[in-house]
Amino acid sequence: MQNSLIEKIGIKYPIIQGAMSWVATPSLASAVSNAGGLGMIGSGHEPGEVVRNLIRETKKHTDKPFGVNVLLLSDYVDEVVDVIIEENVKVVTTGAGSPGRYMSRFKEAGIVVIPVVASVALARRMEKEGADAVICEGMEAGGHIGKTTTLNLVPQVADAVSIPVIAAGGIADGRGMAAVMMLGASAVQLGTRFVVATESIAHPNFKKAIIKASDIDTVVTGQITGHPVRVLRNKLTREYLKVEKQITSDPKPDFGRLEELGKGALRRAVIEGDKDRGSFMSGQCAGLVKEEQSAEEIIQDLMTGYKAVILKQRELLALN
Ligand SMILES: Cc1cc2nc3c(=O)[nH]c(=O)nc-3n(C[C@H](O)[C@H](O)[C@H](O)COP(=O)(O)O)c2cc1C
């Protein structure tokens, strides 16, 4: 398969593993890259030298391109950027803001820069600032989300910018992949399905919860804080939403109670598998994820399903 984006990055398939705090480790990233996709390491709030070790660990397991997600809000962002450049990382994705102040250094180093966006306005701004592509993440996605669905965001951004668009949010199989490619995407980014990959270090309880989930098992917490997060329903989300409701009607809202509930909650889910107190970030597509598979099986399943859908459409339209 050929398109300008995958040629630029040097990968075989237009499939990116989303950066996921605690989950996007060298073991998952290298497995995805070895399988022909683009593996991503999450740098989170880690200092530069920790990120350097993660990059070197990934290089030990793959000679294929992989990327690093930069958390622009991190206190260590400057040193993380230095390390990424020194270590010749191929791709950088960014969330929560604009990578503008680092753009010229990334470009000089030949790094492909791909910010995550949730609106047409931000996509346009990223293009102006020199981004090579944008990841359009719809509100079906797991983790921190925007307001627009993938179905609406992808074509509107594709119309608004001339750089490649990558679709994220709600894609778990070849049908979803075909759908967003038809909307104008050049590649897809998946999070939820890769949490369940064999090479993902997510606790078995996390993987089981995704496999067991149905279409209506996620909720969005944090609406009132302005940082909405999509997670699987559990005791923590019930408590969180109850406090949110109380705060909404409070003339002097105490956000501290919410902070307390959320602190360390993703770690509790990924590492400890704490069913009650963990934040099991997951997209609505959890209902489509039926089993744990290796990164390679996931990527092959996506590509097979994608091709089958396209061939079926060609038959229906009697094209040759
Ligand atoms: C457990 C989990 C943690 C995530 N953490 C991050 C993160 O730290 N940074 C980020 O940019 N996106 C994060 N995401 C979003 C993913 O990178 C990806 O864009 C999203 O999961 C795609 O939607 P899907 O879940 O429907 O596949 C996370 C998603 C999940 C499921």
Side-chain angles (χ1 to χ4, degrees), residues 15-25 28-29 32 37-46 51 54 67-74 77 80 91-97 99 114-118 122 134-146 148-151 153-154 165-173 175-177 179-180 185 187-197 200-203 205-207 209-210 213 215 217-218 220-222 227-232 262 265-271 273 278-289 298 302:
I15 299 171
I16 300 173
Q17 163 243 315
M20 295 178 275
S21 304
W22 295 103
V23 181
T25 60
L28 181 59
V32 170
L38 183 72
M40 293 296 305
I41 304 171
S43 65
H45 290 278
E46 302 293 356
V51 178
L54 293 172
V68 175
N69 178 260
V70 178
L71 188 62
L72 296 164
L73 298 171
S74 162
V77 60
V80 167
V91 179
V92 160
T93 63
T94 59
I114 315 181
V116 178
V117 301
L122 189 57
V134 282
I135 297 168
C136 294
E137 191 183 62
M139 53 87 83
E140 304 93 322
H144 291 268
I145 53 169
T148 310
T149 58
T150 306
L151 186 67
L153 186 63
V154 171
V165 167
I166 297 157
I171 304 153
D173 61 23
R175 293 170 297 178
M177 182 169 171
V180 292
V188 293
Q189 171 167 295
L190 281 71
T192 301
R193 189 159 177 195
F194 281 122
V195 173
V196 176
S200 147
I201 61 148
H203 193 281
N205 288 350
F206 199 161
K207 295 183 180 180
I210 289 178
D215 55 336
D217 282 341
T218 66
V220 179
T221 60
H227 301 288
V229 180
R230 186 175 296 285
V231 288
L232 290 174
L266 180 59
R267 186 190 179 282
R268 285 198 293 274
V270 178
I271 308 296
S279 170
F280 291 83
M281 291 183 183
S282 165
Q284 291 179 326
C285 65
L288 289 166
V289 181
I298 292 173
L302 277 162

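On a predicted model such as this, the values are computed, not experimentally measured, just so you know. In each ligand, atom 1 is the first atom listed, and ligand 1 is the first ligand listed.
- For T93, the side-chain hydrogen bond (donor to acceptor under 3.5 Å, both in side chains) partners two or more places apart in sequence, or in a different chain, are N69.
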Which side-chain N or O atoms in residues 18-25 pair as donor and acceptor under 3.5 Å with protein atoms at least two apart or in another chain?
none

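- In this structure, S282 contributes its side chain and G142 its backbone to no donor-acceptor pair below 3.5 Å.
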For a distance cut-off of 3.5 Å, show me each N or O of ligand 1 paired with any protein N or O, plus the separation.
residue	atom	partner	partner atom	Å
ligand 1	5 (N)	S21	N	3.3
ligand 1	8 (O)	S21	N	3.2
ligand 1	8 (O)	S21	OG	2.7
ligand 1	12 (N)	A19	O	3.2
ligand 1	14 (N)	A19	O	3.4
ligand 1	17 (O)	A19	N	3.4
ligand 1	17 (O)	A19	O	2.8
ligand 1	17 (O)	Q189	NE2	3.4
ligand 1	19 (O)	E137	OE2	2.5
ligand 1	19 (O)	Q189	NE2	2.8
ligand 1	23 (O)	G169	N	3.4
ligand 1	25 (O)	G142	N	3.1
ligand 1	25 (O)	T192	N	3.2
ligand 1	25 (O)	T192	OG1	2.6
ligand 1	26 (O)	G170	N	2.8
ligand 1	27 (O)	G191	N	2.8
ligand 1	27 (O)	T192	N	3.3

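- In this structure L288 satisfies the side chain to side chain contact (heavy atoms under 4.5 Å, CB included) test together with A172, D173, R175, C285, sequence neighbours excluded.
- Inter-residue side-chain proximity for V229 and V220 is flagged as unmet; no heavy-atom pair is nearer than 4.5 Å.
- Using a distance-only test at 3.5 Å, with no hydrogens or angles considered, no donor-acceptor pair links the side chain of K207 to the main chain of I201.
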